[in-house]
Amino acid sequence: MGLVSFIPFNAAPWIGTECDYIQQAFEAMHVSGDGAFTKRCQRILEQELGVRKAFLTTSCTDALEMAALLLNIQPGDQIIVPSFTFVSAANAFVLRGATPVFAEIRPDTLNIDEALLDDLISPSTRAIIVVHYGGVGCEMDRIVEIAEKHGVAVIEDNAHGLFGSFRGRPLGTFGCLATQSFHETKNFSCGEGGALLINDEQYVERAEIMRDKGTNRSRFFRGEVDKYTWVDLGSSFLPSDILAAALFAQLERREYIQDQRRRIWNRYQAELQEWAGRHRVGLPFVPDHCQQSYHLFYMRMPNLELRTALIAHLRQHDILSVFHYVPLHLSEMGRRFGGFAGQCPISEQVSDTLVRLPMYAGLSERDQGRVIDAVKQFSFQSTELALTASAL
Ligand SMILES: *Cc1c(COP(=O)(O)O)cnc(C)c1O
């Protein structure tokens with residue numbers, strides 16, 4: 001058969017027009033922020049999702065930091081965040097002095113458990129940060145209702161969920177603010193990048209200023225003020241138009257990219273279902289009222305040992321699979337905020353047993369076939385035997 005090539009876990013999407021557009025950005029002599037491509041990307045996000053305003057940012061992390069600034073998060077404030085998620089959803093608020101309160105996830109979608117929110121909310125709670133894990137929507141009608149009852153903001157970390165929807169409404173339109181990521185690992189990518197989506201009009205003007213070093217430069221360029229100056233807190237959150245050019249190439253072909261991901265996801269689901277059922281392996285759950293974004297495909301192994309053995313087995317077949325997240329409440333930082341083992345048992349169990357299979361728009365049918373075959377060849381019995389032997 002010859003050499004078997006290595007199948008990576010992820011490869012950044014590549015349409016082919018990225019370089020042309022980057023060249024156009026240089027030819028237009030506008031490669032700093034807020035050039036023509038930035039505006040074109042923002043228009044796609046605004047029109048496709050129906051958000052009041054979209055601002056491209058240098059990352060999702062930066063968009064979350066902007067959200068914390070816009071909410072005037074102060075020392076003493078609390079934010080509620082799922083423990084099973086990426087660090088930025090908590091850190092962006094901790095940077096402003098907030099204390100994170102870690103919430104447990106639902107065992108089915110692995111999203112924040114909305115039933116626990118009422119008990120976690122205190123007089124100091126300022127915001128609930130929700131993460132649509134894998135691009136499957138959190139229970140947003142319930143979450144928005146609880147947040148409104150307590151006068152608390154909802155921020156959607158929608159890094160996984162671009163173009164997914166909940167009860168027919170796009171993810172990223174439920175919170176007063178939402179954030180996107182265009183990091184290499186996401187469905188659409190310019191290497192490092194993100195966006196802040198604004199659904200509440202009151203944040204638009206200030207967000208524009210905060211994104212541009214706390215200045216009113218955008219207003220100056222529009223002729224609304226006669227000089228530009230420092231007017232508020234801010235930082236350099238706006239990305240180069242070079243990055244926006246690469247991103248535009250992909251956002252323009254969003255249906256093509258999403259179709260490829262849908263096909264790959266559906267094939268994993270179809271071809272692994274019977275095998276998974278036989279071996280008590282969990283596959284993703286997508287409620288009927290959620291249209292997912294096909295961001296990732298995971299399996300939940302019966303225990304940590306079998307997960308470790310499966311990753312090693314796939315590695316022997318030249319396939320890279322990965323796990324995540326270390327629950328935030330068990331992280332070094334999380335423990336400083338009082339996190340302890342047993343605090344969120346579902347998050348802990350999922351963290352020990354979840355494995356993600358290669359999933360990217362350019363994954364060929366043949367390579368995906370190799371992944372599926374290798375998974376099915378995994379021997380549960382020899383792993384169990386080895387474990388028993390090593391325990392003796
Ligand atoms: C990727 C990711 C982020 C961070 O995105 P960056 O653009 O790398 O800052 C934040 N939250 C979640 C859930 C993510 O998956």
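All values below were derived from every heavy atom in this structure, side-chain atoms included, with hydrogens, water molecules and symmetry-related copies excluded. Counting convention: from 1, in listed order, for ligands and their atoms alike.
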Next item on the list: List the steps, then state whether side chain to side chain donor-acceptor pair (under 3.5 Å) holds for His289 with Glu139.
Entry: CA-CA 10 Å; His289 55 277; Glu139 287 302 307; 2.9 Å; yes
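- Using modelled atom types, one side-chain atom of Arg261 and one backbone atom of Tyr294 make a donor-acceptor pair closer than 3.5 Å.
- Contact annotation: for Val131 versus ligand 1, heavy atoms closer than 4.0 Å belong to the side chain alone.
- Leu171 CG to Leu162 CG: the interatomic distance, rounded to the nearest 0.5 Å, is 9.0 Å.
- What sits closest to atom 13 (C) of ligand 1 on the protein, heavy atoms only, is Asp157 OD2, 3.5 Å.
- At a heavy-atom distance under 4.0 Å, only side-chain atoms of Ala159, from C-beta outward, approach ligand 1.
- For Phe182 and Phe188, the ring centers sit 6.0 Å or farther from each other.
- Nearest to atom 9 (O) of ligand 1 among the protein's heavy atoms is Thr61 OG1, 2.5 Å.
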Item checked: Step-by-step side chain to side chain donor-acceptor pair (under 3.5 Å) determination, Gln202 to Asp200 -> CA-CA 6 Å; Gln202 66 164 311; Asp200 187 337; 3.1 Å; yes
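- Around atom 15 (O) of ligand 1, the closest heavy atom drawn from His160, Glu184, His295 belongs to His160.
- Taking every non-hydrogen atom of Cys60 and a distance limit under 4.0 Å, the qualifying atoms of ligand 1 come out as 4 (C), 5 (O), 6 (P), 7 (O), 9 (O), 10 (C).
- For atom 1 (C) of ligand 1, the nearest non-hydrogen atom from the set Glu65, His183, Lys186 belongs to Lys186.
- Taking the ring axis of Phe248 as reference, the NZ or CZ atom of Arg40 stays within 45° of it and closer than 6.0 Å to the ring centre.
- In terms of protein heavy atoms, atom 3 (C) of ligand 1 is closest to Phe86 CD2, 3.5 Å.
- Asn158 places no side-chain N or O within donor-acceptor distance of the main-chain N or O of Gln180, the cut-off being under 3.5 Å.
- At under 3.5 Å, not a single nitrogen or oxygen of Ser88, backbone or side chain, sits near a nitrogen or oxygen of ligand 1.
- Contact annotation: Gly193 has at least one heavy atom less than 4.0 Å from an atom of ligand 1.
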